[in-house]
Amino acid sequence: MKISTWNINSVRLRLSSLAQIIRDICPDVICLQETKVTNELFPSKELSALGYPYQAVAGMKSYNGVAILSRLPLTKIIVRDWCKKADCRHISAIIQDTTFSPIELHNFYIPAGGDTPNPIENEKFAHKLAFLKEVTEWQKSRTKKTKNMVLVGDLNIAPLPSDVWSHKQLLKVVSHTPIETEALKQLQISGPWVDAVRKIIPPQKNLFTWWSYRSKDWTKNNRGRRLDHIWVSESLKQNVSDANVYQDTRSWERPSDHIPVTITLS
DNA sequence: ATGGTCGCTTGGCGA
């Protein structure tokens, strides 16, 4: 089973890019973030025609928005609000597969956090930290636990030194500050999570999934960050047989600033 | 230290 995650930055604008990615990768399940569209205007028919009849969608006008597209049936679709905001940053579903027992899938779009890494001066950063804490506490409080779980999304944090182009220069930049990487670690250990991508691609090796639009040539200095992640539960750890990023897409016409990340479960 | 670019929507916000 192949599971991909991609911050698409407008699903309507990049439908043809998504179709190409589908042709190239053939994922069984695709999780999108920043769809930037209401559910009424979500291109359901087009995506169904591309081979994904099972869809879980949580969108709003202009901002945020998450979606799960699947070749396999999805059950128990849940859209959750965090920090008392109905801002479409999380959707979960159970993938009904015949090879594995059911897999509980969580698709997150964690707040970016603004520019200043100080929760007192910057309410967006405060929101990001509060969001992480709330998800962490929620995971700890869950009593009914599904065995097989996968968590994906644009987590907007690059946890490892090798997840950014310069560890030293980014320590005070939102996405790589110690307070964030620590919060992400707490979130990770509050559940059964293993970083599936880093199980395949060694933690020493630089790996990025995002490059800013604010650069004439993103390849020149390769100033990227790994903001997009796929985690699996311990129960699936041994099943992770591949993980990769589709870096070519960043050079396509009208690219998203994020690239797709994919794992294979065997 | 500053400004650089996108997308949605048409001014300004969020990234």
Side-chain angles (χ1 to χ4, degrees), chain A residues 5-19 21 31-43 46 57-67 81-90 107-119 121-132 152-159 163-166 168-177 179-181 183-184 208-229 247-261:
Chain A
T5 180
W6 188 31
N7 179 321
I8 194 168
N9 189 16
S10 173
V11 69
R12 287 180 292 177
L13 188 69
R14 261 175 276 283
L15 200 54
S16 62
S17 297
L18 181 56
I21 286 163
C31 297
L32 301 173
Q33 304 84 35
E34 286 207 86
T35 52
K36 294 190 172 178
V37 69
T38 55
N39 293 352
E40 297 77 46
L41 297 174
F42 188 83
E46 292 88 338
V57 179
M60 60 191 280
K61 191 179 175 181
S62 302
Y63 301 111
N64 313 329
V66 286
D81 293 341
W82 302 95
C83 304
K84 296 188 161 68
K85 292 175 199 275
D87 56 356
C88 303
R89 292 180 179 276
H90 178 213
N107 179 12
F108 277 101
Y109 175 49
I110 290 181
D115 291 328
T116 308
N118 182 332
E121 296 171 17
N122 173 11
E123 65 181 33
K124 288 182 201 160
F125 195 72
H127 177 216
K128 184 178 196 175
L129 296 179
F131 190 105
L132 288 159
V152 311
D154 177 1
L155 307 186
N156 267 314
I157 296 172
D163 291 335
V164 291
W165 63 275
S166 168
K168 199 180 161 202
Q169 283 180 257
L170 285 171
L171 275 171
K172 289 181 178 168
V173 175
V174 171
S175 74
H176 194 60
T177 65
I179 189 167
E180 290 167 87
T181 53
L184 191 66
F208 311 142
T209 65
W210 172 90
W211 292 262
S212 173
Y213 281 128
R214 298 178 192 179
S215 162
K216 279 203 174 75
D217 181 2
W218 71 277
T219 59
K220 201 145 199 171
N221 301 312
N222 193 26
R223 295 187 168 183
R225 305 176 201 171
R226 187 171 72 112
L227 304 179
D228 304 275
H229 300 271
Q247 197 163 313
D248 288 358
T249 64
R250 187 64 181 79
S251 293
W252 289 359
E253 227 177 293
R254 291 253 236 168
S256 168
D257 44 355
H258 295 254
I259 61 171
V261 182

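Chain A is the first sequence line, chain B the second, and so forth, proteins listed ahead of strands; every chain is numbered from 1. None of these values were measured; they are calculated from a predicted model.
When heavy atoms are screened at a 4.0 angstrom cut-off, K216(A) is found touching no nucleic acid atom at all. Among the heavy atoms of the strands, none lies under 4.0 Å from R250(A).
T116(A) and N122(A) share no donor-acceptor pair across their side chains, judged by distance under 3.5 Å alone.
Going from atom CG of D154(A) over to atom P of dG14(B) covers 17 Å, rounded to whole Å. If you measure from atom CH2 of W218(A) to atom P of dC6(B), you get 14 Å, rounded to the nearest angstrom. In this structure, Y109(A) places its OH atom 6 Å from C1' of dA15(B), rounding to the nearest Å. Atom CZ of R214(A) and atom C1' of dA1(B) are 15 Å apart (whole Å). One can place CH2 of W210(A) at 14 Å from P of dT5(B), the figure rounded to the nearest angstrom.
At a threshold of 4.5 Å between non-hydrogen side-chain atoms, the residues S251(A) and W218(A) count as touching.
Taking atom C1' in both dG4(B) and dA15(B), the straight-line distance is 14 Å, to the nearest Å.
A cation-pi geometry, defined here as NZ or CZ lying under 6.0 Å from the six-membered ring centre and within 45° of its normal, holds between R223(A) and W165(A).
No donor-acceptor pair under 3.5 Å is formed between the side chain of N64(A) and the backbone N or O of C88(A).
Map R14(A) and G114(A) each onto its nearest nucleotide of DNA chain B; the residue landing nearer the 5' end is R14(A).
In the set dG14(B), dC8(B), dG4(B), dC8(B) carries the atom at the smallest distance from any side-chain atom of S62(A).
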